Every structure is written in structure tokens, then in C-alpha cells.
Amino acid sequence: MRTILRCIVVVFYCAYFPLTQAAEWQHFTSTAMTTKLDLEFWFEDQKKAKELSLRVFGEFDRIEAVMTRYGDTSELSTINRLAGRQTLPVSSDLFKVLQSSQQVSALSEGAFDMTFASVGYLYDFRQRQVPTNLEMKQKKKAIDYRHVQLNGKTQTVHFTHPNVKIDLGGIAKGYAVDQGIQILKQAGVQFARLSAGGDMRLLGDKKGKPWIVGIKDPRATLKKNNNVVALPLSEVSISTSGDYERFFIDDNGERIHHIISPKTGRSVSGVQSVSVIGPDTMTTDGLSTAIFVLGVKKGLALVNRLEDIDVIIIDAHRQLHFSEGLMSPAHP
Ligand code: AMP
Ligand code: MG
């Protein structure tokens, strides 16, 4: 009788308190920074996984509140209002992103330039609105990343031209993805994929297999298969910049889109999409925008000089270009 009782107790205990809970892939989505967030990671406890996903998504909201150009309550908006007249203190999150922007600007000889916004803010892609020639003339001189003076010791910013406006749309999502991955790592997660629109970071592999990441056809229609390339990747970041994200076709049939040449103040042509692979997402995000502006020749030359960075460019004729690191070694 006692043995039977013991067995019943054991069965009951095992049913309600499993000794090891089976881990599984946990998948969550949300929206922030005007884009879709997608998170997948390997974790045991579903309830804790949900809590963790909310912390990751909360980090995007926190960063967005600091760095958004929309509304006038963000720290970025305050800087845009005042830094042309006075030196301002900057929070450490924002300072890191400003510093990184300036590094990508120097590396790309000004192809990436957060002050593009001095003219860029005059575009409204939904309203099909572009700057007038007069506005362009008045505001273009304010585009130059060297107008943004950062002081690392005092963590302050100052603009040396009164009309400068900055925008971090080309790099802030990458920073947020890196921060999200840090939160997952600190919680003991080993395998994860986190993306915000075109910016993705992979933590580890997909439990023994690489993650398969597709590069979208920049001219995909809803009906057709969307991907032109599928890449097996692990433990890297990949960011794609495309002329299909925010755009309209004007009355002359020209595509007016969100990546702006700091030299001309106009949308860049010559390339349809650029995907950069590298060790962290703030770097790949900044570089994908920079290389889009540089175009095929200068973009490939820059990437081939950089260690740990690779690129896939789809040009205006839909031709694919790969950096040296992605090409198989030449046959003798
Ligand atoms: P991405 O999709 O990462 O290439 O980011 C595109 C966004 O970067 C645009 O929507 C703008 O907010 C911003 N941007 C556009 N042109 C430039 C540029 N030349 N340098 C830096 N940021 C830019
Ligand atoms: Mg970018």
C-alpha cells in the first residue's frame, strides 16, 4: 500500500513539477521606431521569455523616446532646436550614437552624414513633397558632419552652423538592436535573432545550424518570392538599406526616396539595395546607409579595406555585387 502511495506521489510530482522544462524557440513581434520588431530565441520558461521580450521591446521604446525626430520632446529635438546657439550636455546613449555617426562619416568621407537632415527634413514622402530650389539653396550649406562638434570629456554637443539639423534614422535602430541583444545575453540567452526592419543581429547560431537570412528583392511584388539571396549566418549583424523603404515616384517617373546624398541634397540613384554584414548592428546600420550613398565602386573599395565587414549590393540594373570576403577564392 505504501509503495503504491509513493508511486502516486511521484507521478503527481512529475506531472506538476517537471524536473527539466523543455526549452523551445520563443517568438515575439512588436513595433517601434516606425518599424517591425521581430525576436526569436531559445528559452525554457514561456512566461519568463515573454517578460524578457517585453524588456527588449521596452529598450526600443526608451531609445526611440531619446532619438526620434518626431515631436519636440526627444533629446534629439532639443539638440536640433538649441545646439546651433549653445553647447548642450548629451545623455550617454545619444552620445554613443553621435560618436558612432561621426566615425562612419569620417570613414565614408561624408557619404554618411546625420546633418543631411538640414535638407532632409524638407522631404515628405507620403505627401510627395520635395524641397524647393530656394529652400535647397538656403539649407544645403548646413549639411556637413564637421559642423557637429562633440566633446568627449564634457559629453556635450555644439553645432558650428545655425541651420544644422541632425537625424539618426540611418543608425539608431542598429544601436537599439545591439542593446536588445545585450539584454538577452545578460539573461543567459545563447541563441537569438533580433531584427528591427532591415537591421538584424544574430546571437550564436540556430542551435547547431546557421540562421538563414534572406535579402529581399528590392523590386519584389507581393505575389513573387521576395528573396534574391539566402545567406547562412551566425553570430553577426546584417543591415539592409533600400530605395524601396520610403519613396514615391514623381511626375517625371523618378524615384524620390529616403537616402539622401549630402552633396546634392537629393535622393541617391545607382543602387537599389545594400546589405552589410559585420560584428555589431550599429556599425552595419551606419555602413549600409553610407555605402548606399557611395555606390558600387567606392562602396566595394571601402568594404574591401575593412576587416570583418562584407557587403552585397544590388545596383540599378539589378546586378549583384559581392565584397571579396563573400567570393569563393579564385581558382589557380
Ligand atoms: P537605412 O535604412 O539604415 O539606410 O536608413 C535610412 C535613413 O537614414 C533615412 O530614412 C534617413 O533617416 C537617414 N539618412 C538618409 N540619408 C542619409 C545620409 N546620407 N547619411 C545619414 N543618414 C541618412
Ligand atoms: Mg543604416
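Both counts, for ligands and for their atoms, begin at 1 and track the order of listing. Quantities reported herein were computed from a predicted structural model and do not represent experimental measurements.
- From the protein, the heavy atom lying nearest to atom 3 (O) of ligand 1 is Asp285 OD1, 2.8 Å.
- Of all atoms in ligand 1, numbered sequentially from 1 with element shown, those under 4.0 Å from a heavy atom of Pro262 are 19 (N).
- A cation-pi arrangement is found for Arg255 relative to Phe247, the charged atom lying closer than 6.0 Å to the ring centre and inside a 45° cone about the ring normal.
- In this structure, Leu76 and Ile166 approach most closely via the heavy-atom pair CD2-O, 3.7 Å.
- Ligand 1 has no nitrogen or oxygen under 3.5 angstrom from a nitrogen or oxygen of Ser288.
- Taking every heavy atom of Ala111 and a limit of under 4.0 angstrom, the matching atoms of ligand 1 come to 18 (C), 19 (N), 20 (N).
- Taking each heavy atom of Gly84 and His158 in turn, the nearest pair found is O-CE1, 4.4 Å.
- By the criterion of a heavy-atom distance under 4.0 Å, the side chain of Phe116, and not its backbone, is placed next to ligand 1.
- Side-chain atoms of Thr29 and Asp38 form no donor-acceptor pair, as typed in the model, at a separation below 3.5 Å.
- The contact set between ligand 1 and Asp167, taken as ligand atoms under 4.0 Å from a residue heavy atom, comprises 11 (C), 12 (O), 13 (C).
- Inter-residue side-chain proximity for Asp167 and Met114 is flagged as unmet; no heavy-atom pair is nearer than 4.5 Å.
- Counting atoms of ligand 1 from 1 in the listed order, those under 4.0 Å from a heavy atom of Val293 are 19 (N).
- The Mg ion (ligand 2) has Gly170 among its coordinating residues (N/O/S atom, backbone or side chain, under 2.8 Å).
- Nearest to atom 9 (C) of ligand 1 by heavy atom, out of His258, His257, Lys173, Lys263, is His258.
- Each of Ser288, Ser275, Ser273 was evaluated against Thr240; a single residue qualifies, Ser275, per the side-chain hydrogen bond (donor to acceptor under 3.5 Å, both in side chains) test.
- Phe95 and Thr156 make their closest contact through CE1-O, 3.6 Å (heavy atoms, listed as atom of the first residue, atom of the second, distance).
- Distances shorter than 4.0 angstrom do not occur between any heavy atom of Gly198 and any atom of ligand 1.
- Heavy atoms from other residues, nucleotides or ligands lying under 6.0 Å from CD of Gln129 number more than 12.
- Put simply, Ser288 stays out of reach of the Mg ion (ligand 2), with no N, O or S atom under 2.8 Å from it.
- Looking only at protein heavy atoms, the nearest one to atom 4 (O) of ligand 1 is Ser241 OG, 2.5 Å.
- Taking atom 10 (O) of ligand 1 as the reference point, the nearest protein heavy-atom neighbour is Arg246 NH2, 2.6 Å.
- In this structure, Trp42 and Gln190 have side chains that are not in contact, with every pair of non-hydrogen atoms separated by 4.5 Å or more.
- Using a 4.5 Å cut-off on side-chain heavy atoms (C-beta onward), Val104 and Leu287 make contact.
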*Evaluate the side chain to side chain contact (heavy atoms under 4.5 Å, CB included) criterion for residues Leu94 and Leu168: first the C-alpha distance (whole Å), next the side-chain angles of each, then the deciding distance (0.1 Å), finally the verdict.*
CA-CA 10 Å; Leu94 185 53; Leu168 298 172; 3.5 Å; yes

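- Exactly one of Thr284, Leu184, Asp178 qualifies for a side-chain contact (heavy atoms from CB on, under 4.5 Å) with Arg201. That residue is Asp178.
- Seen from the Mg ion (ligand 2), atom OG1 on Thr289 and atom OD1 on Asp285 lie at an angle near 170° (rounded to 10 degrees).
- Contact annotation for Glu245 and ligand 1: no heavy atom of the residue comes within less than 4.0 Å of the ligand.
- Contact annotation for Ala290 and ligand 1: no heavy atom of the residue comes within less than 4.0 Å of the ligand.
- The heavy atom nearest to atom 8 (O) of ligand 1, considering only Ser101, Gly120, Ser239, Gly170, is found in Gly170.
- When only interatomic distances are considered, the shortest N/O to N/O separation between Asp199 and ligand 1 does not fall below 3.5 Å.
- Contact atoms of ligand 1 toward Ile259: 4 (O), 15 (C), 16 (N) (distance under 4.0 Å to a heavy atom of the residue).
- For the pair Lys206 and Trp25, the cation sits on the ring face: its NZ or CZ lies under 6.0 Å from the ring centre, inside 45° of the axis.
- Closest heavy-atom approach to atom 19 (N) of ligand 1 within the set Ile166, Ile260, Val276: this belongs to Ile260.
- Proximity of Asp113 to ligand 1, defined as any heavy-atom pair under 4.0 Å, is confined to the backbone N, CA, C and O atoms.
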